[in-house]
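Quick notes on the structure that follows.
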Amino acid sequence: MAHADAQLLKKTCGSCHSETDNQLSRISGQRKSPEGWMMTIVRMQHQHGLQVSVEDRRAIVQFLADTQGLAPAEAAPFRYALEKDPNHVETFEEPMASMCARCHTGARVGLQRRTADEWLIHMDFHVGNYPTIEYQALGRDREWYKIAREEIAPYLAAAYPLETSEWDSWQEAEKVPVAGDWIVITELPGVGEAYGRLSVSGDASPYQVAGTLMSADGQGRSVSGTMNLYTGYEWRATLDIDGQDYRQVLAVSEDGTTLAGRQFQRDHDSLGGSLRGVRADQPGVMLGTVPSAVPAGSATVQVVGSGLDGLSASNGSASANTYGAAVALETEGNGFVTLSTDAGEAKVAYYTTIDGIAVDPAFTIARIGGGSEVGPEAVPAHFRAIGLWNGPDGAPGTEDDVRIGRVNAEWTVTNLHEHAAKMEDAGYAGQIDDTGIFTPAVAGPNAERPFSTNNAGELTVVADAMGQSGSATLIVTVQRFIDPPIR
């Protein structure tokens with residue numbers, strides 16, 4: 001199969017990329033993530049007239065990701081970009097921050113490996129493909145091309161070289177088959193915390209995925225779809241979850257026993273949440289509980305994990321089931337129930353009162369949208385209310401505060417500052433629903449606002465619960481017209 005795909009690569013790309021010693025020019029000097037290779041091929045289609053079918057393009061991406069991909073350790077620092085985490089804030093030092101990360105994420109650079117010559121060519125590519133780059137902000141105030149070739153290219157060649165011990169080790173490592181049953185814990189926008197069991201079948205990509213996700217109220221939602229596995233660990237699934245299209249961007253652990261990453265709605269990648277999973281045959285693994293915290297009194301908590309037949313609880317009775325074990329609780333006041341297995345312990349909080357609320361994320365961005373047939377759709381934002389107890393120092397807002405888990409809250413938005421109040425941002429920028437999902441307003445000039453300005457705005461998101469209040473900052477900005485797989 002690998003030989004056939006190598007021939008397909010040569011047939012598709014060889015008319016422009018010359019072959020020497022069984023290597024194709026330019027292509028052989030790079031390694032990338034699956035998304036990176038897909039972006040390259042699509043650019044060849046748009047800018048150079050490459051003719052390739054969808055089936056052949058998929059096969060070439062699979063081949064290149066498998067043979068010239070990134071090792072798990074190489075991709076790990078930049079997974080937030082692959083997972084489209086809407087709340088991650090990058091920090092890169094100068095001069096890379098201004099030279100590279102002013103136009104795209106720094107992660108887009110870190111998710112590549114090239115030879116020293118290829119990094120130099122990459123600098124030339126930027127000037128050739130984007131001839132105004134030296135005249136844009138943070139470009140015209142410096143000798144951009146000179147810095148790119150004399151400082152940035154050598155730095156990248158040292159930081160992200162083509163040949164690494166991590167890649168050599170991963171190529172030699174035995175890859176564990178991905179098929180089988182996985183227990184997962186995640187969340188569904190508008191629904192809340194969820195858990196389930198996914199069955200993967202097949203011998204190669206595309207694998208079939210089927211299963212059920214359960215919400216905290218015990219309602220089941222069917223899951224079905226396909227998954228491609230790249231580079232032996234990069235899990236990319238397209239799923240139907242109860243009639244809603246979702247994407248999963250996950251990484252399988254090097255030993256093949258666990259999963260981690262993010263699951264999000266296909267049309268709104270800002271709506272989703274983290275997903276963790278474990279093979280159903282692993283002994284004594286606890287991923288978490290649903291719900292993550294419960295009001296005191298009678299409650300049932302699902303302990304999500306595998307091999308939990310021997311689970312015990314410091315308060316209540318535990319019984320194993322297909323998703324781990326269910327624990328029936330009878331509690332009062334505030335405290336924790338300790339959950340124990342031979343492999344370790346975990347805790348779930350129960351509460352009568354809370355001392356505060358943290359809103360997650362503390363800062364994020366939404367985007368207005370719609371309003372035309374060609375403009376991008378609005379990009380919503382999703383907030384969660386986390387209950388807090390004061391820590392041993394008895395003071396709120398200090399490092400020893402205890403995060404007890406998700407709590408139900410009432411949501412409102414207010415103006416962030418005096419200028420926002422003057423512009424009435426809270427009345428125009430959008431609305432938040434009772435699940436913490438903020439939907440931005442429609443894009444376009446608004447004649448009702450001063451200067452007919454757009455419906456952008458700067459807001460404070462407020463969560464109120466049990467007599468406590470917490471807040472976060474939300475910037476509602478303009479559309480993103482170009483949205484590649486790696487931003």
Side-chain angles (χ1 to χ4, degrees), residues 176-189 191-202 207-227 229 235 237 239-244 246 248 250 252-253 255-263 272-294 298-330 337-348 405-406:
V176 180
V178 73
D181 285 359
W182 297 82
I183 306 298
V184 300
I185 187 169
T186 185
E187 69 173 299
L188 298 172
V191 174
E193 297 163 321
Y195 59 95
R197 191 180 187 101
L198 302 180
S199 296
V200 178
S201 58
Y207 295 87
Q208 299 300 308
V209 180
T212 303
L213 288 179
M214 309 291 294
S215 51
D217 62 5
Q219 181 179 347
R221 291 166 171 81
S222 62
V223 180
S224 63
T226 60
M227 182 270 290
L229 189 73
W235 171 306
L239 304 176
D240 178 297
I241 302 178
D242 199 32
Q244 174 74 55
Y246 276 82
Q248 289 178 339
L250 311 175
V252 182
S253 62
D255 64 3
T257 62
T258 60
L259 284 172
R262 188 165 176 268
Q263 173 178 279
S274 64
L275 183 147
R276 293 181 295 119
V278 61
R279 284 191 181 273
D281 60 0
Q282 291 299 297
V285 176
M286 287 185 285
L287 297 173
T289 67
V290 176
S292 55
V294 293
S298 300
T300 298
V301 172
Q302 175 63 43
V303 185
V304 185
S306 63
L308 300 182
D309 296 45
L311 180 76
S312 63
S314 60
N315 184 321
S317 58
S319 56
N321 58 27
T322 189
Y323 305 110
V327 179
L329 300 178
E330 290 290 342
V337 174
T338 301
L339 309 169
S340 303
T341 70
D342 292 340
E345 291 185 348
K347 293 185 177 182
V348 58
R406 296 271 287 270

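Not measured: the values here are computed from a predicted model.
- Looking at heavy atoms from C-beta onward, Leu339 lies in side-chain contact with Thr289 at the 4.5 angstrom threshold.
- Listed by chain and residue number, nothing satisfies the side chain to side chain contact (heavy atoms under 4.5 Å, CB included) test with Asp342 (two or more places apart in sequence, or in another chain).
- Using modelled atom types, no side-chain atom of Glu345 and backbone atom of Thr338 make a donor-acceptor pair closer than 3.5 Å.
- Applying the salt bridge (Lys or Arg N to Asp or Glu O under 4.0 Å) test to Arg276 and every residue at least two apart in sequence or in another chain returns nothing.
- By the ring-ring contact (aromatic ring centres under 6.0 Å, His included) test, Tyr246 pairs with no residue at all, sequence neighbours left out.
- Put simply, the residue from Thr258, Leu229, Thr257, Val176 that forms a side-chain contact (heavy atoms from CB on, under 4.5 Å) with Val252 is Leu229.
- At a cut-off of 3.5 Å, with distance as the only test, no side-chain donor of Asp240 or Ser224 sits close to an acceptor on the other residue.
- Residues meeting the side chain to side chain donor-acceptor pair (under 3.5 Å) test with Trp182, sequence neighbours left out: none.
- By the side chain to side chain contact (heavy atoms under 4.5 Å, CB included) test, Thr322 is found to be paired with Arg197, residues two or more places apart in sequence or in another chain being considered.
- Taking both residues in full, the closest heavy atoms of Ala293 and Gly405 are given as CB-CA, 4.0 Å, listed atom of the first, atom of the second, then distance.
- Ala299 meets the side chain to side chain contact (heavy atoms under 4.5 Å, CB included) test with Val294; sequence neighbours excluded.
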Below 3.5 Å, can you tabulate the donor-acceptor pairs from side chains in residues 207-218 to any protein atom, sequence neighbours excluded?
{"unit_1": "Ser215", "atom_1": "OG", "unit_2": "Asp217", "atom_2": "OD1", "d": "2.5"}
{"unit_1": "Ser215", "atom_1": "OG", "unit_2": "Gln219", "atom_2": "O", "d": "3.3"}
{"unit_1": "Ser215", "atom_1": "OG", "unit_2": "Arg221", "atom_2": "NH1", "d": "3.0"}
{"unit_1": "Asp217", "atom_1": "OD1", "unit_2": "Gln219", "atom_2": "N", "d": "3.0"}

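- Leu275 places none of its side-chain heavy atoms less than 4.5 Å from the side chain of Ile185.
- Between atom CD1 of residue Ile183 and atom CG of residue Leu287 there is a gap of 8.5 Å, rounded to the nearest 0.5 Å.
- In plain terms, the two heavy atoms of Ser292 and Val348 that are nearest each other are O-CG2, 3.5 Å.
- For Asp309, the side chain to side chain contact (heavy atoms under 4.5 Å, CB included) test picks out Ala320, with sequence neighbours left out.
- Applying the ring pair (Phe, Tyr, Trp, His ring centres under 6.0 Å) definition to pairs two or more places apart or across chains, those involving residues 303-326 are Tyr195-Tyr323.
- Residues satisfying the side chain to side chain donor-acceptor pair (under 3.5 Å) test with Gln282, not counting sequence neighbours, are none.
- Considering only heavy atoms from C-beta on, Thr341 comes within 4.5 Å of Met286 through its side chain.
- For the residue pair Ser274 and Thr186, the shortest heavy atom distance occurs at O-OG1, 3.0 Å.
- For the pair Val327 and Thr300, the minimum side-chain heavy-atom distance is 4.5 Å or more.
- Judged as a side chain to side chain donor-acceptor pair (under 3.5 Å), and not counting sequence neighbours, Ser222 has no contacts.
- Every salt bridge (Lys or Arg N to Asp or Glu O under 4.0 Å) that Glu187 has, sequence neighbours left out, goes to Arg384, Arg406.
- Across all non-hydrogen atoms, the minimal contact from Gly202 to Ala179 is O-CB, 3.7 Å.
- Residues Leu198 and Asp181 have side chains not in contact (no heavy-atom distance under 4.5 Å, counting atoms from C-beta outward).
- Side-chain contact between Arg279 and Leu259 is absent, with no heavy-atom pair separated by less than 4.5 Å.
- Interatomic distance, Leu239 CG to Thr226 OG1, rounded to the nearest 0.5 Å: 7.5 Å.
- Listed here is the closest heavy atom pair of Pro189 and Gly272: CG-N, 3.6 Å.
- Ser317 contributes atom OG, which lies 10.5 Å from atom CG of Leu311 (distance to the nearest 0.5 angstrom).
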